[in-house]
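Shown next, in structure tokens, is the structure this report addresses.
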Number of protein chains: 2
Amino acid sequence: MLGEPIRDRRSERHEGTKAEILEVAWRIAGTEGLAGLTLRDVARAVGMRAPSLYSYFASKHAIYDAMFAQGCREFLQGHDALTFTGDPLTDLKIGMRYFVSFCTDNPVRYQLLYQRTIPGFEPTPETFALSVAGLDRMRRQLAEIGITDEGSLDLLTAVGAGLTAQQISNEPGGTRWTRLVDEAVEMYFAHISERRKASDEP
Amino acid sequence: MLGEPIRDRRSERHEGTKAEILEVAWRIAGTEGLAGLTLRDVARAVGMRAPSLYSYFASKHAIYDAMFAQGCREFLQGHDALTFTGDPLTDLKIGMRYFVSFCTDNPVRYQLLYQRTIPGFEPTPETFALSVAGLDRMRRQLAEIGITDEGSLDLLTAVGAGLTAQQISNEPGGTRWTRLVDEAVEMYFAHISERRKASDEP
DNA sequence: GTCTATATTTGGATAGAC
DNA sequence: GTCTATCCAAATATAGAC
């Protein structure tokens, strides 16, 4: 029956070109800004004219969507690669370091995934599901540590978002805020530990 | 000598129209987004055609610049109106509540002043000086409380920025994060107090 | 000061030849 | 699949009449 799926060289090359287009799109968005991305620029950088891109993506938004999905997958893969210790404080640091690094390593990706700043762009439902999966992963990990109430989760995400936002907007590429991650997590951990003790005792 | 400066009705009306244009610009930016502001829309809303705006502002960037300056002045005026108590923790809460409210009350103003998101827009030097004055005001107030080292300042601004960013991007108009301000300040205050004690004792 | 008319640029998208 | 040619729309800005 020759069950081996026969490699389709044509569609393989097609996928390769799509990947190349996305690569270029990331690079241009990094220099010109996410909103400054134009099909002309992308096409020129891959050695095409703008209309040819439509053989690979149905629209400019489709390119944004593919970038969004790629960013989500990168987050999930990186998170899978983490190894946790079982110690709550340590694991909290590991998780927070990962999130802040993930964001500051690629500000454009951060902007695309976590700020909704492209006018008129909404990820497709399938892509959005990937995004939800990422948030869910984080939430589940925090639940293992014992953080489940909304207020505590929100305070933690605020701390992470704040370090990230300050680093990106005030000193992109630097470490002035990222180096505070461990200290910030200790501060947070002491706070919720204290609160638990207080509500247990009386 | 008739030293009284004679009122110039013409330039008074001119200033009035400029103010009206700015008012409309804020409103449109609020609905269409800061980058979605167009001269056509602004002109129509004040009952003019687009070219007529050039009698009041030299360019679109000049309008952004005037909005930026106005936002800075609002921050300074609001800060002047605060009354502090002399108690460090209380005053820290007052300052933080003010900053977070100032930002979340008007997300567009926040975006214009604290995120650099308009492609190609830079405030003029005079306007930028107003912005620096605002940051300086905050820094001086924190110095009175005894917070002067860079790391502590940065951690505090990260907490404020994080609560603000989360509130604006995840629940604009709500209070899910702003209501955590006092708790966050307590957490921060306990942290730096603890650290001071630790570095004093040994 | 305000208008109409227009220049200019830019960028997404489509038609149709090859 | 890629190209040229073109369309269409939006938006800033200027010229010059009134």
Side-chain angles (χ1 to χ4, degrees), chain A residues 8-29 31-68 108 112 117-124, chain B residues 8-29 31-68 108 112 117-124:
Chain A
D8 181 341
R9 307 187 82 86
R10 190 172 328 206
S11 76
E12 269 177 21
R13 199 178 49 204
H14 190 81
E15 290 305 310
T17 305
K18 282 184 77 168
E20 192 188 344
I21 289 169
L22 287 182
E23 230 172 273
V24 163
W26 282 111
R27 204 181 64 229
I28 294 179
T31 62
E32 306 298 314
L34 194 52
L37 191 72
T38 72
L39 297 183
R40 274 181 188 14
D41 290 348
V42 173
R44 193 161 39 80
V46 296
M48 288 180 184
R49 303 299 180 135
S52 306
L53 294 177
Y54 287 84
S55 296
Y56 301 95
F57 294 96
S59 68
K60 189 184 179 185
H61 274 19
I63 294 181
Y64 281 135
D65 193 68
M67 293 169 76
F68 192 105
V108 166
L112 180 62
T117 176
I118 302 296
F121 169 67
E122 287 282 312
T124 59
Chain B
D8 182 341
R9 307 188 83 86
R10 190 172 328 205
S11 76
E12 269 178 21
R13 198 178 50 205
H14 190 81
E15 289 306 309
T17 305
K18 283 183 76 168
E20 193 188 345
I21 290 168
L22 287 182
E23 229 170 275
V24 163
W26 282 112
R27 203 180 65 230
I28 294 179
T31 61
E32 305 299 314
L34 195 51
L37 191 70
T38 73
L39 297 183
R40 277 194 200 341
D41 290 349
V42 173
R44 193 162 40 80
V46 296
M48 287 181 186
R49 301 301 179 134
S52 306
L53 294 177
Y54 286 84
S55 297
Y56 300 95
F57 293 96
S59 68
K60 189 186 180 184
H61 273 20
I63 294 180
Y64 281 135
D65 193 68
M67 292 168 77
F68 191 105
V108 167
L112 181 62
T117 174
I118 303 296
F121 169 65
E122 287 282 312
T124 59

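In what follows, every chain begins at residue 1, and chains take the letters A, B, ... in the order their sequences are listed.
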Check: What residue among Arg44(A), Lys60(A), Met48(A), Arg49(A) forms side chain to side chain contact (heavy atoms under 4.5 Å, CB included) with Leu39(A)?
Finding: Lys60(A)

Item checked: Residue pair Asp65(B) / Pro123(B): nearest heavy atoms and the distance that separates them -> OD1-CA, 3.3 Å

Note to self: Tell me if a side-chain donor or acceptor on Tyr64(A) pairs with a main-chain N or O of Leu112(A) at a distance below 3.5 Å.
What the structure shows: no

Note to self: Once you apply a heavy-atom cut-off of 4.0 Å, does Tyr56(B) come out as touching a base, just sugar-phosphate, or nothing?
What the structure shows: sugar-phosphate

Check: For the residue pair Tyr56(A) and Lys18(A), what are the closest heavy atoms and their distance?
Finding: O-CE, 3.6 Å

Check: Do any N or O atoms from the side chain of Ser11(A) and from the backbone of His14(A) form a donor-acceptor pair under 3.5 angstrom?
Finding: no

Note to self: Please give me the minimum heavy-atom distance between Ile21(B) and Val46(B), naming the atom from each residue.
What the structure shows: CA-CG1, 4.2 Å

Next item on the list: Please report the closest heavy-atom contact between Ile63(B) and Ala25(B), naming both atoms and the distance.
Entry: CG2-CB, 4.2 Å

Next item on the list: Locate the shortest heavy-atom distance separating Ser59(B) from Tyr54(B); write the atom from each residue and the value.
Entry: CA-CE2, 4.2 Å

Item checked: Outermost nucleotides of DNA chain C that come under 4.0 Å of a non-hydrogen atom of chain A -> dG11(C) to dT14(C)

Note to self: Please encode protein proximity along nucleotides 9-14 of chain D as a string of B, S and -, counting only heavy-atom distances under 4.0 Å.
What the structure shows: --BBBB

